[in-house]
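Some notes on the structure that comes next.
Bear in mind the structure is a predicted one, so any value in this text is a computation, not a measurement. Counting convention: from 1, in listed order, for ligands and their atoms alike.
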Amino acid sequence: MSSHTLTAPAMPQAEINQYPRQDLVSIRDLTPSQIDGIMQLSTRLKARPEDFRTALSGKHIAMFFEKPSLRTRLTFEAGVCGLGGSVSFVDQTHERLDARETLKDIAHNLERWVSAIVLRTFAHATVERVAEFANAPVINALSELEHPCQALADYFTLYERFGDLKKVRLAYLGDGNNVLHSLLLTAAQLGSKIRIATPEGYGANSQILIEALEIANHTGATIEIMTDPRRAVRGADAVYTDAWVSMGHELEADERSRIFPPYQVNDKLMACAPSHAVFMHCLPAHRNQEVTDAVIDSVRSIVFDQAENRMHVQKAILMLLAGSASRMPTRSNHA
Ligand code: CP
Ligand code: NVA
């Protein structure tokens, strides 16, 4: 019986080095030029999806979600299929990802089978730990600290509507949560302008804010923090809000429902913004809490453009991280 030596086809080192970061745990994992690259590629993917039908051919993507999802799940699944890849969705809402075995062991299993791992988790550290151990790209599909895919889709939506993102002013009102953190970091990376109005005690995570301000020092971004929602929307091109109670904070619902009403986006508040200003929301919306029906259903609302763009932008992210130019997933370096 003859013996065979199996060898993997070589990938040119220059091609591997083209994308030195392989994860999207935080917006901080991307450089400004990579974010710009995602915007450009998303434009092409949206205009001519038929040109990219085999971009993920032969690639399998695993998704584990500890929290419910409509948009993120469906846009990843449709996006992967549209690029010729395949996907497994694991409903992890009944128990935490590490309930049955360690994150390290899960990571070292997954890297043998899949080309990327998409995680929606309670603890941000869960995404960080899997990314630390897995020799396959890990994408944060929402953690308690960040929602990077959302923010990239939102800035792509603003790019489509207004062009030069350095000139765009986004006003974010409400809770200092995961969505805000990723918007803040993206605005900082892009050299854009962001104003944030939150109630006292519900502001952005201080470490994220410090990092965003540091990035802004280099990129020329403008970050303004305040508590007055009317002042925040003055001169804004877009007014953004999110749920007052994020997933995992349900026990605080009563207390928050007493504190947040001044931050409701209604016609009166939109009247303080320029007439061209659009309304944005990551969805799901809690109608007539953080936003009135009149605003979310108005012609100023671009919430479904944002939802559509989740798919185009996530396709671009997958191509950047898991396409043929990314690192080979089978070279395990057991940590
Ligand atoms: N915006 C967003 O992430 O929606 P889902 O929770 O439905 O995925
Ligand atoms: N901040 C919200 C976003 C939902 C997409 C949450 O974490 O529940």
Side-chain angles (χ1 to χ4, degrees), residues 24-27 42 61 63-80 87 89-93 96 118-127 139-158 170 172-186 196-199 202-205 208 238-253 255-257 259-260 263-265 279-287 289-291 296 301-315 317-318:
L24 178 55
V25 174
S26 162
I27 288 291
S42 301
I61 313 297
M63 300 172 65
F64 292 76
F65 279 33
E66 291 182 340
K67 295 177 177 180
S69 171
L70 174 71
R71 280 148 291 274
T72 310
R73 175 179 177 175
L74 269 293
T75 52
F76 264 110
E77 289 184 339
V80 170
V87 60
F89 178 81
V90 183
D91 179 355
Q92 203 64 45
T93 54
R96 298 291 194 267
V118 179
L119 300 178
R120 170 167 283 202
T121 64
F122 283 88
H124 186 71
T126 301
V127 190
I139 298 173
N140 180 353
L142 181 148
S143 68
E144 213 158 35
L145 194 65
E146 275 205 57
H147 197 357
C149 299
Q150 179 71 54
L152 291 168
D154 295 337
Y155 269 95
F156 175 64
T157 309
L158 289 167
L170 178 68
Y172 178 95
L173 311 179
D175 188 28
N177 63 18
N178 45 10
V179 170
L180 170 61
H181 296 152
S182 292
L183 289 171
L184 189 50
L185 290 165
T186 309
I196 297 157
T198 59
Y202 291 91
N205 172 287
I208 296 265
V239 176
Y240 197 123
T241 193
D242 183 16
W244 293 341
V245 184
S246 282
M247 292 181 278
H249 293 268
E250 288 79 6
L251 290 177
E252 299 168 35
E255 185 187 338
R256 285 168 176 258
S257 70
I259 293 168
F260 281 83
Y263 295 84
Q264 183 189 66
V265 182
F279 171 72
M280 300 178 79
H281 193 305
C282 57
L283 304 179
H286 306 82
R287 284 168 172 265
Q289 290 184 37
E290 73 267 10
V291 58
I296 197 170
S301 174
I302 58 168
V303 298
F304 300 117
D305 294 337
Q306 293 172 259
E308 178 189 339
N309 287 336
R310 293 291 304 277
M311 186 179 72
H312 306 302
V313 168
Q314 283 157 201
K315 280 173 144 182
I317 292 166
L318 285 163

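Nearest protein neighbour of atom 8 (O) of ligand 2, counting heavy atoms only, is Met247 N, 2.8 Å. Considering only non-hydrogen protein atoms, atom 6 (O) of ligand 1 sits nearest to Arg120 NH1, 2.9 Å. What sits closest to atom 4 (C) of ligand 2 on the protein, heavy atoms only, is Leu142 CD1, 3.9 Å. From the protein, the heavy atom lying nearest to atom 4 (O) of ligand 1 is Arg71 NE, 2.9 Å. Closest protein heavy atom to atom 3 (C) of ligand 2: Asp242 OD2, 3.6 Å. Looking only at protein heavy atoms, the nearest one to atom 7 (O) of ligand 1 is Leu70 N, 2.7 Å.
In terms of modelled atom types and a separation under 3.5 Å, the side chain of His181 and the main chain of Leu145 share a donor-acceptor contact.
In Asn178, the part holding a heavy atom less than 4.0 Å from any atom of ligand 2 is the side chain. When heavy-atom distances to ligand 1 are checked against a 4.0 Å cut-off, Leu283 comes that close only through its backbone atoms N, CA, C and O.
Rounding to the nearest 0.5 Å places CG of Asn309 at 13.5 Å from CZ of Arg71. Between atom CD of residue Glu66 and atom CG of residue Leu142 there is a gap of 10.5 Å, rounded to the nearest 0.5 Å. A distance of 8.0 Å separates CD of Glu144 from CG of Asn178, quoted to the nearest 0.5 Å. Atoms CH2 and OH, on Trp244 and Tyr263 in that order, are 11.0 Å from each other to the nearest 0.5 Å. One distance of note links CD1 of Ile196 with CG of Leu173; it measures 10.0 Å at 0.5 Å rounding. A distance of 7.5 Å separates CD in Gln306 from OG in Ser301, rounded to the nearest 0.5 Å.
No side-chain donor from either of Glu290 and Thr241 sits under 3.5 Å from a side-chain acceptor of the other.
Looking at ligand 1, you'll find an N or O of Cys282 within less than 3.5 Å of one of its N or O atoms. Below 3.5 Å of separation, one finds an N or O of Ser246 facing an N or O of ligand 2. Looking at Gln150 next to ligand 1, an N or O pair under 3.5 Å apart turns up.
Residue Thr72 places every heavy atom at 4.0 Å or more from ligand 2.
A heavy-atom distance below 4.5 Å is not found between the side chains of Asp175 and Leu180.
Every atom of ligand 2 with a heavy atom of Asn177 under 4.0 Å away is listed here by number and element: 1 (N). Of all atoms in ligand 1, numbered sequentially from 1 with element shown, those under 4.0 Å from a heavy atom of His147 are 2 (C), 3 (O). Less than 4.0 angstrom separates some heavy atom of Arg310 from each of these atoms of ligand 1: 1 (N), 2 (C), 3 (O). Per-residue contacts place Leu283 under 4.0 angstrom from the following atoms of ligand 2 (heavy atoms of the residue considered): 5 (C).
Annotation: cation-pi pair Arg73/Phe89 present, NZ/CZ under 6.0 Å from the ring centroid and within 45° of its normal.
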